[in-house]
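Keep in mind it's a predicted model, so treat the numbers as computed, not measured.
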Amino acid sequence: MSAAPLPSSSESVRHNWTRQEVQQLFSLPFNDLLFQAQVVHRQHFNPNEVQVSTLLSIKTGACPEDCKYCPQSARYDTGLEKERLLEIEKVIERAKEAKATGSTRFCMGAAWRNPKERDMPYVTKMVAEVKKLGLETCMTLGMLSQDQAVALKQAGLDYYNHNLDTSPEYYGDIITTRTYDDRLNTLQNVRDAGMNVCSGGIVGMGESAEDRASLLMQLANLPEHPQSVPINMLVKVKGTPLDNVDDLEPFEFVRTIAVARIMMPKSHVRLSAGRENMNEQMQAMCFMAGANSIFYGCKLLTTSNPETHEDVMLFKKLGINTERSRNYSDEAYEQALTEKIANNDTDSELFYDATKKPQAAHAEG
């Protein structure tokens, strides 16, 4: 099969993908698919930069939902200890540690169906305090009402994560306690409030190749592409209904990354859960396929993740650098200035030396 023609940069952002077109991408020869994904990726991003986030569980366990993949569901006996909402001081301490290890975004997750009104003052305070550190902020708290989305935006939240998880066709086999439309409505509330959307899914849950294509079509055909698209490989946890599902073939996972990159060319595609079970070569192939975001740290909510120093070593081998935040918030910009002054970094792009004589201008043709 010959490679499908690449879209021009002017028409690369689409919201009208058909099932046949997506399945055609998945059916391309592997090398052709990766080549297309690389070309699209280089049109919109530095191919040797990866955005780095840290994820912290601010409230663990006892979730009333029945998501079959999740050890935090109260319906499954996974040996997970329930934890109350973390104190704000502990969250700030962990955010400082995340920044020190190179993260530019700090994500906070709570095992809720939706936040209660009594919890909102605490989570908005967490957002405001993390912002003061000069970090981008992200939260995942379950479903949001319009008013809750607005409150988080006013507190300074940059991103809200709410995954579609899988295709609409397979969704009922994984979750019954909330509908697909519930998820889409939350994403709409987040967009309407002016926040960035972080939304992706989980593969390797026993779904078909058609389901993976359908999931990406749902994401790409949203009114606006999610700014961040996490692609998770199922982490099987004993005690959950999916603990014995067959493993997804690694090349199929890389294909999913590549198709996501082609369909959502300006989004950050995050290589998310399941990375601990991927060797360096598979991760490198995912970066080649267009993944340009990861989580640092030893744990993602309740599942393990490669240690930070292992990621540093992998980045060094591949010549990858950490992507800096593209858009400073007022708090982040102020923090950056403070740090540059403290470090006497006068070579930074944030400063010019008014004591130097201006150089003669050179004509440019």
Side chains of F287 and N292, heavy atoms from C-beta outward: is any pair under 4.5 Å? no
Shortest non-hydrogen contact from A37 toward A289: CB-O, 3.3 Å
Judged by modelled atom types alone, do Q51 and S53 share a side-chain donor-acceptor pair under 3.5 Å? yes
Inspect the contact between E129 and R94 and indicate whether a charged nitrogen and a carboxylate oxygen are less than 4.0 angstrom apart. no
Does V52 offer a backbone N or O that forms a donor-acceptor pair with the side chain of T104 under 3.5 Å? yes
Could you tell me the separation between the CG atom of L219 and the CG atom of L164, rounded to the nearest 0.5 Å? 5.0 Å
Answer yes or no: is there a donor N or O on one side and an acceptor on the other, between the side chain of S103 and the main chain of K99, under 3.5 Å? no
What ring pair (Phe, Tyr, Trp, His ring centres under 6.0 Å) pairs are there with at least one residue in residues 147-170, not counting sequence neighbours? none
Taking everything shown except F251 itself, do over 12 heavy atoms lie less than 6.0 Å from its CZ? no
Show the numbers, then the answer: is there a salt bridge (Lys or Arg N to Asp or Glu O under 4.0 Å) between E169 and R19? CA-CA 13 Å; E169 298 81 8; R19 192 176 302 272; 3.1 Å; yes
With heavy-atom distances below 4.5 Å as the criterion, would you say the side chains of V254 and F30 are in contact? yes
Is the backbone of G142 close enough, under 3.5 Å, to the side chain of N114 for a donor and an acceptor to pair up by distance? no
For residues 190-246, pull every pair meeting ring pair (Phe, Tyr, Trp, His ring centres under 6.0 Å), keeping only residues two or more places apart or in separate chains. H15-H225
Assess whether atom CD of Q20 is packed by more than 12 heavy atoms of other residues, nucleotides or ligands within 6.0 Å. no
Just verifying a value: how many Å separate L216 CG and R212 CZ, rounded to the nearest 0.5 Å? 9.5 Å
Has N185 got a side-chain atom pairing as donor or acceptor with D181's backbone, closer than 3.5 angstrom? yes
Taking C-beta and beyond as the side chain, do M263 and V22 meet within less than 4.5 Å on heavy atoms? yes
Quick one, M108 and V91 - any side-chain contact, counting heavy atoms below 4.5 Å? yes
Atom CE of residue position M282 - does it have more than 12 heavy atoms of other residues, nucleotides or ligands inside 6.0 Å? yes
Min side-chain heavy-atom separation S228-R105 under 4.5 Å: yes
Just to verify, what does Q146 make a side-chain contact (heavy atoms from CB on, under 4.5 Å) with, not counting sequence neighbours? N189
Between L33 and F26, is any pair of side-chain heavy atoms under 4.5 Å apart? no
Could you check whether any side-chain N or O of R261 sits under 3.5 Å from a backbone N or O of M264, counting only pairs where one atom can act as donor and the other as acceptor? yes
Ignoring hydrogens and angles, tell me if any N or O in the side chain of N161 forms a donor-acceptor pair with the backbone of T140 under 3.5 Å. no
Tell me if the CG atom of N16 is crowded by more than 12 foreign heavy atoms within 6.0 Å. yes
Interatomic spacing from CG in L135 to OG1 in T54 - rounded to 0.5 Å: 8.5 Å
Would you tell me whether S214 and D211 have side-chain atoms, one donor and one acceptor, within less than 3.5 Å of each other? no
Establish, from distance only, whether the side-chain atoms of Q36 and D32 form a donor-acceptor pair under 3.5 Å. no
Close side-chain approach of L152 to V190, heavy-atom, < 4.5 Å: no
Please round to the nearest 0.5 Å and tell me the distance separating atom SG of C107 and atom CG of L56. 10.0 Å
For residues E21 and T18, is any side-chain donor paired with an opposing acceptor at under 3.5 Å? yes
Honestly curious: do V150 and M143 fall in one hydrophobic cluster under the side-chain, below-4.5 Å linking rule? no
T137 and D158: side-chain donor and acceptor closer than 3.5 Å? yes
Looking only at atom types and distance, does a side-chain atom of N196 sit under 3.5 Å from a main-chain N or O of Q227, one as donor and one as acceptor? no
Distance alone, cut at 3.5 Å: any donor-acceptor contact between the side chains of Q38 and R42? yes
Would you compute the distance between atom CD of E89 and atom CE of M126 and round it to the nearest 0.5 angstrom? 9.0 Å
Going through the checks in order, is the side chain to side chain contact (heavy atoms under 4.5 Å, CB included) test met by M233 and N277? CA-CA 9 Å; M233 177 79 87; N277 297 323; over 6 Å; no
CG (L187) and CE (M195) are apart, to the nearest 0.5 Å, by 10.5 Å
Of all heavy-atom pairs between Q188 and P223, which one has the smallest distance, and what is that distance? OE1-CG, 4.3 Å
At their closest point, which heavy atom of P265 faces which heavy atom of V40, and how far apart are they? CB-CG1, 3.4 Å
If you compare all heavy atoms of A151 against all heavy atoms of M120, which two are closest, and at what distance to 0.1 Å? CB-CE, 4.0 Å
Output, in order, the C-alpha distance, side-chain angles, deciding distance and verdict of side chain to side chain contact (heavy atoms under 4.5 Å, CB included) for I92 and K132. CA-CA 10 Å; I92 301 309; K132 291 179 182 178; over 6 Å; no
Do the charged groups of R191 and E224 touch, with an N to O distance under 4.0 Å? no
Has R270 got a side-chain atom pairing as donor or acceptor with S293's backbone, closer than 3.5 angstrom? no
How close do P226 and S267 get, heavy atom to heavy atom, and via which atoms? O-OG, 2.6 Å
Can V127 and K131 be said to form a side chain to side chain contact (heavy atoms under 4.5 Å, CB included), step by step? CA-CA 6 Å; V127 171; K131 288 281 284 187; 4.3 Å; yes
With no hydrogens and no angle check, is any side-chain donor or acceptor of T256 less than 3.5 Å from a backbone partner on E252? yes
Verdict with reasoning, Q283 to N279, per side-chain hydrogen bond (donor to acceptor under 3.5 Å, both in side chains): CA-CA 6 Å; Q283 291 185 62; N279 61 26; over 6 Å; no
Would you confirm whether N232, through its side chain, and A273, through its main-chain N or O, come within 3.5 Å as a donor-acceptor pair? yes
Starting from the C-alpha separation in whole Å, work towards a yes-or-no answer on side chain to side chain contact (heavy atoms under 4.5 Å, CB included) for F253 and L271. CA-CA 10 Å; F253 183 85; L271 184 57; 3.5 Å; yes
Quick one, Q218 and S167 - any side-chain contact, counting heavy atoms below 4.5 Å? no
At their closest point, which heavy atom of C286 faces which heavy atom of I257, and how far apart are they? O-CG2, 3.7 Å
